[in-house]
Peer 1: 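Following this message is one structure expressed as structure tokens.
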Amino acid sequence: MLDPYIPLVLMFALAFGFAAFSVAIAPLVGPRRYNRAKLDAYECGIEPSPHPVGGGGRMPVAYYLTAMMFILFDIEMVFLFPYAVSADALGLYGVVAVILFIVTFGFADLYVWRRGGFDWD
Amino acid sequence: MNLLLALILLPLLGAAVVALLRGNERAAKPAALVCALLELVLAAAAWVVYEPGGARMQLAGSVEWIPHYGVSLSFGLDGIALVMVAVIALLVPLVLAFSWGERLPAGRTRGGFFALLLLEQSLTVAVFAATDVFVFYVLFEIMLIPMYFLIGGYGGERRQYAAMKFFLYSFLGGLIMLASAIGAYAYAAETTGVGTFDWATLKTVLADAPTEVQVWIFLGFFAAFAIKAPLVPLHTWLPDAAEQAPIGVAVIVVGVLDKVGTFGFLRYSLPLAPDASQLLAPLVLTLGVIGVLYGSLQAFGQTDLKRLIAYVSIAHFGFIALGIFAFTSQAQVGAASYMVNHSIATGMLVLVVGMIIARGGSTRIADYGGMAGVTPLLGGMLLIAGLSTLSLPGTNSFVSEFLVLIGSFPTRPVFTTLATLGLVLAAVYVLRLYQRVMQGPPSGTAVLDAVGGPGAATDPEALPRDDSGGATARGTLRDLNGREIGLLTPLVVLVVLLGVYPAPVLDVITPSVEATMSEVGVTDPVTSQGGN
Amino acid sequence: MNETARLIGDDPIWLILIKVVGTFAFLVVMTLLTIWAERRVIGRMQQRPGPNRAGPFGMLQSLADGLKLAFKEDIRPVLADKWIYILAPVVSATPALVAFSVIPVGGEVTIFGERTALQLVELPVSLLVVLACASIGVYGIVLAGWSSGSPYPLLGALRSAAQVISYEIAMGLSFIAVILYAGTLSTSGIVAAQENGWFFALLPFSFVVYAIAMVGETNRAPFDLPEAESELVGGFHTEYSSLKFALFFLAEYINMVTVSALATTLFLGGWHAPWPLYLVGDGVLNTGWWPVLWFLLKTMSFLFVFVWLRATLPRLRYDQFMNLGWKVLVPLSLVWICAVTAIRGVRNADLLGSQQFLFIGGGVVVALLILAFLVPDRKPPEEETAENEVPLSGGGYPVPPVDLKVPENPRATTVPTASGTRSRLPEAGQEPTSSTKEAPDGND
Amino acid sequence: MGVVAQAGAALPPPSGVLAQQSAEMPSIQYAAVAPLMIVLGAACIGVLVEAFVPAGRRWPVQVGISLLAVLLAGVFLGLHAQEINTGATTLAETLAVGPATLFLWGTLLVLSFGALLLIADRSIEPGGAFVAETNSVSEGRPPAGTPVDAPGAASAAVMDRAAGAVGMRTEVFPLTLFSLGGMMVFCAANDLLTMFVALEVLSLPLYLLCGLARRRRLLSQEAAVKYFLLGAFASAFFLYGLALLYGYAGSVQLSEIAAATAGSLRSDTLLFAGLGLVVVGLLFKGSVGPFHLWTPDVYHGAPTSVTGFMAACTKVAAFGGLLRLLHVAFEASSWEWHWVLWTVAVLSMVIGVVLGLTQQDIKRMIAYSSIAHAGFLMVGSITLTDRGLAATLFYLLAYGFTTLAVFGVVSLVRTSEGEATDLSDWAGLAKRSPLVAGVFTFLLLALAGIPATSGFMGKFAVFSAAFSAGMAPLVVIALLASALAAYLYIRVIVLMFFNDPDPNGPTVSVPGAFTTAAVTLGVVMTLLLGVVPMLALDWASVGGFVS
Amino acid sequence: MTPTHYLLLSALLFTIGTVGVLVRRNAIVLFMCVELMLNAVNLSLVTFARIEGSINGQVMAFFVMVVAAAEVVVGLAIIMSVFRTRRSVSVDDANLLKY
């Protein structure tokens with residue numbers, strides 16, 4: 001009996017191989033006509049302003065907040081999934097615990113909500 | 001107990017009252033003095049109540065404090081402690097009187113000064129009276145704090161440095177002692193199953209302790225006491241402290257505080273570590289003799305009046321240590337009585353020097369000369385104090401010194417002989433001091449300024465401001481005023497009285513010393529003469 | 001280990017290879033068909049024919065487009081971070097392909113004499129594989145935007161990533177009720193659990209949440225803000241061309257197929273035949289290769305809805321979109337989960353005596369929570385911002401006030417003076433300084 | 001973070017989560033864990049208050065809730081402490097509440113009460129010492145109209161649009177309560193995993209609290225970053241140690257580790273590597289010895305009231321955890337490790353004292369002093385006798401009060417730019433405010449361990465216990481270090497009393513009721529514990545840890 | 001591969017993380033190194049769980065993940081706030097607290 005993950009690995013290999021092959025072949029297949037403007041960053045036709053992307057570039061805080069909220073909720077899910085799987089075994093105790101957990105989490109959620117953590121302009 | 005408690009608490013109360021009154025100097029000063037005098041009365045009462053030859057600890061009492069560690073607030077007086085308490089009770093009012101109008105550094109109040117003095121008095125009495133090692137340690141350290149502020153707050157130019165040095169030395173010593181105390185406690189807990197800090201219990205428990213245990217315990221206590229009663233390599237804080245402290249404080253430091261060290265030798269080092277005491281006696285004796293010689297030689301070289309006195313004291317402490325560790329009753333009685341007599345003699349010397357400084361405005365010996373011609377009474381007082389210091393027969397110190405010498409010679413001839421050299425030197429430097437300051441025609445800038453001679457100071461502020469005496473105006477160098485005479489008189493009386501009739505002190509001391517001797521387990525090689 | 005897992009576990013390696021290639025081919029073909037179908041359907045809905053030249057009904061149009069893309073020039077902007085730029089499409093496409101492998105397309109069949117299940121992989125944590133692949137796919141988006149070295153892709157990528165992860169929460173929460181009832185994370189297990197009733201009926205709210213989240217997750221209209229042409233040019237793949245662009249395109253459509261298939265699996269009974277049909281012939285339509293048909297039909301109907309939505313609904317504003325996710329879907333999902341958990345737990349506990357009491361208690365809890373989640377919102381809490389303060393945007397940047405007052409035309413009230421400067425006419429009857437007072441406060 | 005704690009508290013023991021057998025509802029001794037639940041519950045309520053109460057009214061509400069919660073928790077603790085002496089494990093053996101733990105809880109509660117008072121004070125720094133958004137270097141909010149170059153920094157996880165403009169950042173209260181809850185769990189954790197979770201629950205809010213100063217934002221944020229990075233680093237060590245011990249004993253229950261150390265066939269490498277790593281994590285939290293690097297910077301940069309909270313409570317928690325670990329889990333193997341901690345103790349004392357002497361900033365100096373004190377505490381911690389435990393507990397209590405009051409006083413001395421923490425600013429303080437200087441002197445003397453202060457009694461208790469346990473050389477070293485350390489404090493006293501004040505020097509703010517109360521609490525307890533130590537010693541000696 | 005190999009890998013990862021924290025200067029990188037350490041621990045825990053034949057170690061890994069996530073949130077918030085005020089995340093630039 002084979003490891004149940006082997007098909008998954010094979011699928012991954014195929015998918016990755018296909019994608020990598022496509023990416024690799026593209027420059028070889030396509031034409032090559034140099035034009036400086038083409039290689040510049042796209043900026044609706046105007047001369048692109050040299051700007052640092054990443055290091056010095058600024059992004060609205062809201063994105064970070066969203067990322068953090070995602071992490072927190074993801075963690076909540078991390079706990080809910082195993083619970084959901086074994087809910088029947090855990091019985092009423094599990095119900096109480098998980099509701100308590102969700103409600104507690106809800107407090108934080110409400111806080112973020114009220115204080116504008118989910119507001120986008 | 002009640003009496004002893006009163007002795008401890010009265011100055012404390014006084015300190016609190018005076019501290020509250022410190023904004024109002026006119027109220028604070030008399031309050032402090034009244035308190036000090038009452039304390040003197042109480043001390044006298046204690047003396048009367050005390051029965052020489054009675055219980056080891058009298059007026060004793062005890063309250064449980066930290067049962068967890070077997071600590072009780074126990075107090076009691078033996079003969080040695082009694083005389084020391086009496087000496088404090090005597091000196092403090094004198095110091096208060098002396099400082100009545102003394103100039104203080106900017107921003108300080110006399111009320112604060114007096115309050116701290118009274119606080120210090122209370123703590124010192126308690127230190128002498130403590131019969132619980134833990135309580136003793138606690139008081140030993142707390143005592144530093146008012147003294148630290150007295151020196152650091154009211155002293156001379158380099159007072160911060162002196163105060164810091166004083167504090168750190170003593171604190172370090174205290175902590176080492178604490179280690180020993182804990183060791184003793186732990187040993188007691190191990191052997192008897194009940195940890196305790198009670199002095200009497202520890203004494204019996206430790207008497208059977210192995211020598212190595214005793215040695216460690218002894219060394220710990222010794223470190224603290226050797227710093228306190230400055231033995232030579234650990235003495236350097238004293239000259240600085242004495243030089244920078246105001247006169248009144250210097251009296252307390254040299255006269256009383258240091259005695260805690262020698263007192264500790266007698267009360268704690270010897271009984272708690274009897275075997276180790278004998279084993280390590282040569283060490284202490286060596287340090288003591290070095291102290292005698294070194295102190296005397298240093299005294300020669302000093303150009304500063306107060307430092308000179310400090311070194312004189314160092315020499316004398318060496319002498320006391322010699323007496324204690326000679327392990328004869330005579331020598332120990334001598335040493336114990338020397339503690340009293342030294343307090344009286346040196347206290348007087350410091351006060352007189354203070355009066356000189358108050359007039360001359362300088363502490364350098366070179367600034368003085370020929371004062372006796374202008375101020376004969378002052379000269380006389382200096383002479384009496386000086387003679388007492390150099391133990392002229394007929395003065396109080398002589399009796400003690402003599403006892404130490406004849407007591408220790410049989411057991412420690414070499415050390416005794418060397419120490420005797422110190423006596424000779426003492427005669428030389430004391431007389432030299434007197435000669436340079438008092439004799440001859442008036443000379444020296446301070447004196448000439450004061451009498452209005454050439455080179456007079458132009459800054460009137462530099463002169464001491466004194467409300468009733470001293471150099472209140474330029475061109476005058478007054479002799480002692482009534483207050484000063486009044487405060488010196490009791491000391492003069494005592495110098496002479498104890499010189500010719502030391503029995504009151506010796507009678508009180510001797511039983512305690514003998515008890516100590518028996519605790520150490522030493523018998524005299526020669527029969528004790530009991531004093532005279 | 002369930003029956004499906006045992007069947008699949010016995011697969012010989014050749015069968016596995018066949019399945020792998022088959023799945024791959026299925027996904028690629030589905031992509032091509034979906035693109036074509038989308039264009040045709042939208043064309044119909046918009047009263048125009050749509051592509052109709054390449055092949056019958058223009059069916060080969062997408063294939064032609066794909067081939068065309070392959071022969072386009074491969075441009076890499078100078079500012080791009082070379083390796084990450086190249087890697088990004090791969091990262092995007094690979095997990096999209098992998099995710100589908102856990103979907104059960106059908107039940108037990110016999111292929112070349114080998115009994116097996118129509119499913120590539122059967123794991124006890126299949127659902128997590130889907131979620132994991134979805135998460136990894138986000139990396140492709142973010143890396144693509146970041147590595148392009150260009151502002152539009154970066155902003156597009158951020159938006160896209162924020163959107164995907166936001167809706168991933170809602171999606172994940174919608175799974176929980178399903179798992180609760182199926183008692184397993186295995187997809188075939190979930191399908192098996194729906195034999196007697198599909199979950200979309202039992203768990204309608206979860207289904208709705210999933211359906212919405214599914215659209216958001218795949219960046220499809222009306223939630224296609226990252227690629228909002230009018231705002232962000234082309235979103236995170238603005239700087240991509242040629243086959244790299246094709247990979248992103250491929251990934252997007254495969255994701256659509258995958259989420260549709262997952263919806264089928266989780267809520268529409270997977271490959272089970274629909275209601276009247278499974279009664280036919282004692283369930284014969286649930287055996288053999290029939291299930292593939294039902295599965296494809298269900299999946300395609302979801303794909304049709306995707307297209308339908310695109311043709312029908314206008315695009316949401318970004319804040320509306322995020323509000324929908326964070327302020328509606330997520331909280332309500334949580335409440336829903338509480339309710340489902342409580343009801344199920346109480347029922348299973350057989351607490352007949354106290355059942356009523358617990359129901360009431362649960363109801364109260366749920367009501368309270370609903371109330372709590374309904375109370376906030378609307379105006380931001382701190383309204384006491386003083387008049388003269390700079391209003392801060394989310395990131396603390398000063399922004400001009402919304403009610404910016406346009407200054408009146410200076411020409412109307414000023415005359416040129418000798419010195420060439422303009423000054424207010426005296427007849428205005430105002431202090432000269434008053435003009436500065438009228439300047440918008442918020443702008444200084 | 002409270003979520004995590006709640007989850008840790010609410011979920012069944014690890015073995016039960018995924019197992020398919022039916023799980024029993026673990027019995028919960030509500031009486032024993034009531035204080036914990038009150039504190040964490042109040043923290044949750046605090047979060048809701050932040051969400052729903054209008055900004056203007058948050059401060060009083062939050063202060064009320066926090067103080068009330070701590071008081072209430074204290075009451076419940078007192079009631080429970082009366083009932084039992086033996087202790088019990090509860091919540092599926094994740095928490096063990098015994099006499100020593102109750103003492104630690106009491107200590108934490110009363111200290112955090114004081115710290116909350118300090119934090120709540122708004123009179124010294126108008127509007128309180130905490131703020132969410134300001135602009136980088138400039139103080140406070142820029143006047144409207146100036147172009148804002150650097151946008152306001154959203155420092156907490158949640159940005160707050162206008163809270164910076166008015167009032168105080170009231171999130172500090174729930175954060176403090178969460179941290180307190182974590183500390184309480186930390187002292188009671190019966191397995192390493194609970195301990196780890198508690199460690200994070202106590203740390204994470206602290207990291208945030210460090211960065212919330214209204215004045216000197218950069219310093220504050222820098223402190224937060226440093227604390228965070230080093231703290232996370234140390235947690236990782238703790239965790240790896242946990243993993244190794246799990247590998248060694250097959251369980252992370254302290255009692256089972258103890259059983260394994262008594263006789264296990266497994267490799268001792270795992271045991272000692274694990275123990276070492278776990279202890280390093282704890283030593284870091286307690287700012288001991290060579291693991292102190294964060295301490296001066298964080299103490300310096302954090303808002304002073306938070307520093308007070310950290311210095312007092314974190315130390316209690318860290319040493320509480322360490323004591324528990326050493327007493328319960330590793331007593332049997334003490335002969336193998338105790339010399340290492342011996343060295344750590346000495347190093348900590350030496351580092352604290354020597355580097356403390358070179359400091360020019362009062363907060364940094366106190367930080368180094370805390371490192372030295374950590375060394376003294378280590379002496380007690382490695383004394384694995386009942387007496388050593390009691391002594392260390394007492395020391396923690398005593399030190400906590402003193403240091404709390406110290407930071408209370410530090411917050412009073414200010415210039416126009418905020419707190420004047422440079423030592424030179426403190427010159428001649430006695431002339432400006434004799435009372436403050438006097439109080440501070442008393443506290444410094446307590447830190448130095450002068451008799452009649454709690455500092456002395458603590459040291460004495462610890463040293464005598466260590467001495468009795470045969471660690472005389474260590475005690476002597478510790479005593480010498482105390483003597484050296486005295487210089488550290490005397491230096492400040494000299495400055496305050498015997499130097500002349502700078503005419504442009506700082507002023508002493510008149511403290512509001514809150515700070516006054518906190519400082520008074522600290523000072524009075526410092527004195528009381530020094531004079532009548534039996535008040536606390538009795539309780540500290542009731543009994544040890546249970547497991 | 002025997003479990004020992006996993007343990008060694010875990011130790012190696014942990015060491016890499018440690019070294020990274022000690023030598024790198026970018027706060028974000030430091031932070032990621034710490035996360036690497038935490039995940040190395042997870043690997044150890046799971047391996048030990050396998051050796052033990054119990055599931056406890058895996059459950060612990062859960063908790064570690066949760067804690068790591070909480071740390072991420074708090075840490076990013078702090079680092080971000082510093083970055084926004086001083087435009088740099090190099091810990092060498094954070095030198096106000098040095099003497």
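Just so it is clear: chains get the letters A, B, ... in the order the sequence lines come, proteins before strands, and each one is counted from 1.
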Peer 1: Go through Phe16(A) and Val98(C) one step at a time and tell me if the side-chain contact (heavy atoms from CB on, under 4.5 Å) criterion holds.
Peer 2: CA-CA 9 Å; Phe16(A) 187 84; Val98(C) 173; over 6 Å; no

Peer 1: Less than 4.5 Å apart, any side-chain heavy atom of Leu123(C) and any of Leu8(A)?
Peer 2: yes

Peer 1: For residues Leu334(C) and Asp109(A), determine if any side-chain heavy atom of one lies less than 4.5 Å from a side-chain heavy atom of the other.
Peer 2: yes

Peer 1: Side-chain contact, heavy-atom cut-off 4.5 Å: Leu180(C) with Tyr83(A)?
Peer 2: yes

Peer 1: Go through the atoms of Phe175(C) and report whether side chain, backbone, both or neither lie under 4.5 Å from a heavy atom of chain A.
Peer 2: side chain

Peer 1: Find the distance between CD1 (Ile179(C)) and CZ (Phe81(A)) and round it off to the nearest 0.5 Å.
Peer 2: 4.0 Å

Peer 1: Checking Val91(C) against chain A: side chain, backbone, both or neither under 4.5 Å from a heavy atom?
Peer 2: neither

Peer 1: Contact part of Arg76(C) toward chain A, heavy-atom cut-off under 4.5 Å: side chain, backbone, both or neither?
Peer 2: backbone

Peer 1: What residue in Asp74(C), Ile165(C), Val121(C) has the most heavy-atom pairs under 4.5 Å with chain A?
Peer 2: Ile165(C)

Peer 1: Hey, what's the ring geometry for Tyr318(C) with Tyr63(A), parallel, tilted or perpendicular (30° and 60° as the breaks)?
Peer 2: tilted

Peer 1: Kindly indicate, with the supporting measurements, whether the criterion side-chain contact (heavy atoms from CB on, under 4.5 Å) is fulfilled by Leu173(C) and Leu80(A).
Peer 2: CA-CA 9 Å; Leu173(C) 290 176; Leu80(A) 289 180; 4.1 Å; yes

Peer 1: Starting at CG of Asp88(A), measure out to CZ of Arg344(C) and round the result to the nearest 0.5 Å.
Peer 2: 4.0 Å

Peer 1: If you apply the rule side-chain contact (heavy atoms from CB on, under 4.5 Å), what do you find for Val138(C) with Phe70(A), and how did you get there?
Peer 2: CA-CA 13 Å; Val138(C) 181; Phe70(A) 167 71; over 6 Å; no

Peer 1: Any idea which of Asp74(A), Ile102(A), Leu28(A) has the most non-hydrogen atom pairs under 4.5 angstrom with chain C?
Peer 2: Ile102(A)

